[in-house]
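Since we're looking at a predicted model, the values are computed, not measured.
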Protein chains: 2
Amino acid sequence: MSKKNKTTIKDIANVLNISAAAVSKALHNDSRISEKTKKAVKQVAKNLNYQPNHLASALRRGKSNLVGVIVPKTNSNFFSSVIESMETVLNKAGYNIIITQSNESFEKECKNIDTLLFTQVDGIIASMANETVDLSHYEKIKSKGIPLILFDRGENDLNVDYVGINDYHSSHLIVEHLIAKGCKRIAHIGGYRRTRIFNNRIRGYIDAIKKNNLPIDDNLIIESDLTLNDGRKKMAKMLNFENRPDAVYVAGDYAALGALQVLNENNIDVPNEIRLVGFGNEPFTSLISPTISSVNQHSNDIGRLTAETFLERVSNPEIKQTLNKIILDAELIVRDSSK
Amino acid sequence: MSKKNKTTIKDIANVLNISAAAVSKALHNDSRISEKTKKAVKQVAKNLNYQPNHLASALRRGKSNLVGVIVPKTNSNFFSSVIESMETVLNKAGYNIIITQSNESFEKECKNIDTLLFTQVDGIIASMANETVDLSHYEKIKSKGIPLILFDRGENDLNVDYVGINDYHSSHLIVEHLIAKGCKRIAHIGGYRRTRIFNNRIRGYIDAIKKNNLPIDDNLIIESDLTLNDGRKKMAKMLNFENRPDAVYVAGDYAALGALQVLNENNIDVPNEIRLVGFGNEPFTSLISPTISSVNQHSNDIGRLTAETFLERVSNPEIKQTLNKIILDAELIVRDSSK
DNA sequence: TACCTTTGCTTAATCGTTTAAACAAAGATA
DNA sequence: TATCTTTGTTTAAACGATTAAGCAAAGGTA
């Protein structure tokens with residue numbers, strides 16, 4: 001904030017010889033202010049290059065019109081697209097967003113929440129870090145009485161609005177696609193079971209396998225942190241099995257890429273020898289060779305719906321309306337790695 | 001902001017039967033408040049779960065402790081790392097950041113600036129959109145008297161602090177590396193000349209070629225928007241030359257990837273037939289086959305230095321100190337595509 | 001004893017905007 | 001003419017924290 005150029009409503013009032021209150025009302029199109037005054041006020045405001053002091057109005061109204069957003073990492077196509085469409089909706093409604101990154105760290109997530117609450121945001125939209133198990137910091141948000149909306153990485157126990165995709169069903173799509181291609185031993189490199197979305201993918205995988213009368217082999221279900229390197233490790237491990245899988249469904253694209261690298265290095269023909277499917281539809285999946293089949297998570301819809309859910313909450317804060325749980329169906333994009 | 005849990009310094013004052021002013025001072029460790037009172041105040045603050053109202057203090061002090069950040073897209077490894085290290089430094093100094101994306105659009109950039117000024121940020125740190133030519137919106141920031149720091153995508157005409165890498169010199173590194181490998185016809189798929197950093201890379205390329213007594217062939221210098229698709233197009237075009245290049249230096253990794261795809265599809269041996277170097281060191285450059293040589297832009301240093309430059313500016317706002325232009329030397333990372 | 005300093009607090013104004021309440025003037029109603 | 005409504009404005013009190021100025025009590029100095 002600067003010392004110069006600090007035109008206030010008082011300055012406008014002085015020019016027109018009316019009260020500051022009248023100016024404020026004129027600028028907000030109050031019905032009790034005459035058209036003549038409104039026009040004059042707006043003209044002077046323009047001339048003096050008036051910019052309302054957001055802090056003052058936020059303080060007075062008890063609303064900052066700021067929404068805090070917490071994502072594990074902006075450096076991912078999914079999250080950056082979600083944020084983009086979220087921003088569009090919220091900006092239109094007069095809200096601005098503050099983006100913070102947790103870097104998948106529980107500690108950083110706590111700090112982010114403190115920061116956002118300190119900044120007096122009107123609400124928080126978050127996707128949880130992998131590390132997060134303890135939820136007390138999220139309870140803190142709830143206890144402040146401001147809306148909390150989760151997307152993608154949510155948690156049932158928290159009992160708050162949630163927008164995400166149907167992970168359970170996505171696993172069915174993938175497994176059935178692979179079976180249709182003739183695969184009989186489908187492995188799953190999944191995320192940690194304690195993270196709900198990954199647990200859902202694992203459950204979906206198991207149920208889909210059973211539903212299609214294939215045997216469940218526990219060796220073929222491996223938990224991973226889904227980084228590229230861990231994808232490599234887990235894939236390498238599987239190649240040592242005496243009974244190799246003929247397909248691998250990896251719950252994250254980076255880990256899928258790691259797996260693909262190992263397969264390529266071992267001269268294994270993808271898709272003919274082993275088929276591969278990733279998750280998340282990161283841009284690189286269509287850039288490498290072979291291109292990797294993956295699941296599109298509809299980031300734009302998720303962003304838009306999350307924002308709309310937030311707006312709904314702030315517009316009727318008292319109403320203890322039923323929880324919004326919006327679950328979208330994801331879309332399997334078949335590419336060369338499983339054709 | 002909520003109606004409940006709104007503990008204020010007045011509440012603390014009431015409990016202890018002292019004035020609100022004393023509470024404020026105690027919380028700020030004012031030397032004129034006794035240790036006994038300070039301890040008591042802090043204890044009560046903790047008990048009542050007191051959180052200072054940032055808006056009120058910002059209004060009063062004329063400082064929001066918010067820094068606005070504008071980047072073309074958070075969805076890039078470079079920008080997301082810059083932001084991360086910037087945030088670390090700024091948080092330590094008591095500042096929080098508001099991240100906005102311009103999506104390379106001039107119009108969106110203008111809107112972002114309006115939003116940030118409206119939010120009363122104490123300063124703006126920006127990297128310009130590709131589209132931006134007109135600079136009046138940046139002048140607006142300067143005229144408000146708040147610090148403006150540019151990084152990576154800057155502009156000399158604006159006359160503000162800048163942190164970036166030595167693009168001119170980076171081109172020398174690349175060209176000389178390729179010449180050392182025996183290349184004689186080195187092409188350059190560059191960005192638009194009107195963007196300073198790309199212009200510098202082109203100038204560096206030309207001067208390095210000349211310096212090494214190789215001929216300049218204008219056909220080998222091609223402007224591009226550096227998207228993956230355009231990289232493909234420009235590479236395909238070059239393959240039709242009767243006199244093909246034996247190396248291609250692409251000013252962006254995504255376009256370099258596009259070029260590589262075309263080379264692979266045409267069964268051209270990279271690096272033996274044509275060597276390839278990209279720019280930006282995006283993670284995928286080391287993920288694909290062959291891995292792509294690229295330039296590391298020291299995102300962490302850039303973020304840190306940008307933040308430090310900002311802090312320097314806000315701490316001595318009056319001093320019309322000389323402009324900070326920090327230019328780091330980039331680092332060429334040689335990978336398979338040019339080995 | 002008389003005066004000066006230091007310590008530890010209080011009072012009151014302030015940041016710029018919003019808004020409930022008051023009020024004057026004009027117009028409508030009976 | 002007397003009373004009620006409507007219109008268009010002003011007054012003044014907030015929002016919560018900060019801070020210059022003031023002041024009383026305690027301690028120090030000569």
Side-chain angles (χ1 to χ4, degrees), chain A residues 1-42 44-45 48-66 94 117-120 122 144, chain B residues 1-42 44-45 48-66 94 117-120 122 144:
Chain A
M1 270 167 303
S2 99
K3 268 74 263 246
K4 21 193 165 175
N5 277 58
K6 41 154 192 188
T7 308
T8 71
I9 51 170
K10 242 182 172 173
D11 297 327
I12 302 178
N14 285 339
V15 171
L16 295 170
N17 245 326
I18 57 177
S19 71
V23 172
S24 173
K25 288 178 177 166
L27 291 171
H28 289 89
N29 283 319
D30 189 299
S31 61
R32 298 285 288 273
I33 298 292
S34 69
E35 284 305 320
K36 204 181 96 191
T37 307
K38 282 184 192 168
K39 223 160 240 167
V41 165
K42 286 173 186 171
V44 173
L48 296 184
N49 190 25
Y50 169 72
Q51 292 259 140
N53 185 319
H54 173 248
L55 296 173
S57 88
L59 174 61
R60 177 59 232 253
R61 295 180 314 142
K63 263 197 100 215
S64 68
N65 276 44
L66 250 32
L117 291 178
F118 172 74
T119 316
Q120 314 287 129
D122 287 345
K144 288 267 166 195
Chain B
M1 270 165 304
S2 98
K3 268 76 262 249
K4 19 192 166 175
N5 278 57
K6 40 155 195 189
T7 308
T8 72
I9 50 170
K10 242 183 172 172
D11 297 327
I12 302 178
N14 284 340
V15 170
L16 294 170
N17 245 324
I18 58 176
S19 71
V23 173
S24 174
K25 286 178 181 166
L27 290 171
H28 289 89
N29 284 319
D30 189 300
S31 62
R32 298 288 287 272
I33 299 292
S34 70
E35 283 306 320
K36 203 182 95 190
T37 307
K38 282 183 192 170
K39 226 161 236 165
V41 165
K42 284 173 187 171
V44 173
L48 298 184
N49 190 22
Y50 169 72
Q51 291 260 140
N53 185 320
H54 173 248
L55 297 173
S57 88
L59 173 61
R60 177 60 230 258
R61 296 180 313 142
K63 262 197 100 214
S64 68
N65 275 45
L66 251 31
L117 291 178
F118 172 74
T119 315
Q120 314 286 131
D122 286 346
K144 287 267 166 195

Go through it in stages, so that I can follow the logic: the residues are V15(B) and L48(B), the test is side chain to side chain contact (heavy atoms under 4.5 Å, CB included), and I'd like the CA-CA distance, side-chain angles, deciding distance and then a yes or no. CA-CA 10 Å; V15(B) 170; L48(B) 298 184; 4.2 Å; yes
Does S31(B) place a side-chain N or O at less than 4.0 Å from the phosphate oxygens OP1/OP2 of dT7(C)? no
Quick check: does any side chain N or O of H54(A) sit under 3.5 Å from a backbone N or O of L117(B), one acting as donor and the other as acceptor? no
Euclidean distance, atom CG of residue D30(B) to atom P of dT19(D) [Å, nearest integer]: 10 Å
Measure from CG on N17(A) to C1' on dT9(D) and round the result to the nearest Å. 13 Å
Could you give the CG-to-C1' distance, from L16(A) to dG8(D), as a whole number of Å? 15 Å
To the nearest 10 degrees, what angle separates the axes at the start and end of the helix from dT1(C)-dA30(D) to dA30(C)-dT1(D), five pairs each? 50°
Assert: residue with more 5' nearest nucleotide on DNA chain C, out of R32(A) and I18(B), is I18(B)
Are I18(B) and V41(B) packed together at the side-chain level, in the sense that at least one heavy-atom pair is separated by less than 4.5 angstrom? yes
Go through L55(A) and R60(B) one step at a time and tell me if the side chain to side chain contact (heavy atoms under 4.5 Å, CB included) criterion holds. CA-CA 9 Å; L55(A) 296 173; R60(B) 177 60 230 258; over 6 Å; no
Among dC9(C), dT10(D), dT9(D), the nucleotide that comes nearest once only the side chain of S19(A) is considered: dT10(D)
Between dT7(C) atom C1' and E35(B) atom CD, what is the distance in whole Å? 13 Å
Contact letters for nucleotides 14-19 of chain C, in which S counts primed atoms plus P, OP1 and OP2 and B counts the base, heavy atoms under 4.0 Å: BBBBBB
Rounded to the nearest 0.5 Å, what separates atom CZ in R61(B) from atom CG in D122(B)? 8.5 Å
Do the side chains of K38(A) and N29(A) get nearer than 4.5 Å, heavy atoms only? yes
Any donor-acceptor N/O pair, D11(B) side chain to T8(B) backbone, under 3.5 Å: yes
Residue pair Y50(A), I9(A): steps toward the side chain to side chain contact (heavy atoms under 4.5 Å, CB included) verdict: CA-CA 8 Å; Y50(A) 169 72; I9(A) 51 170; 3.4 Å; yes
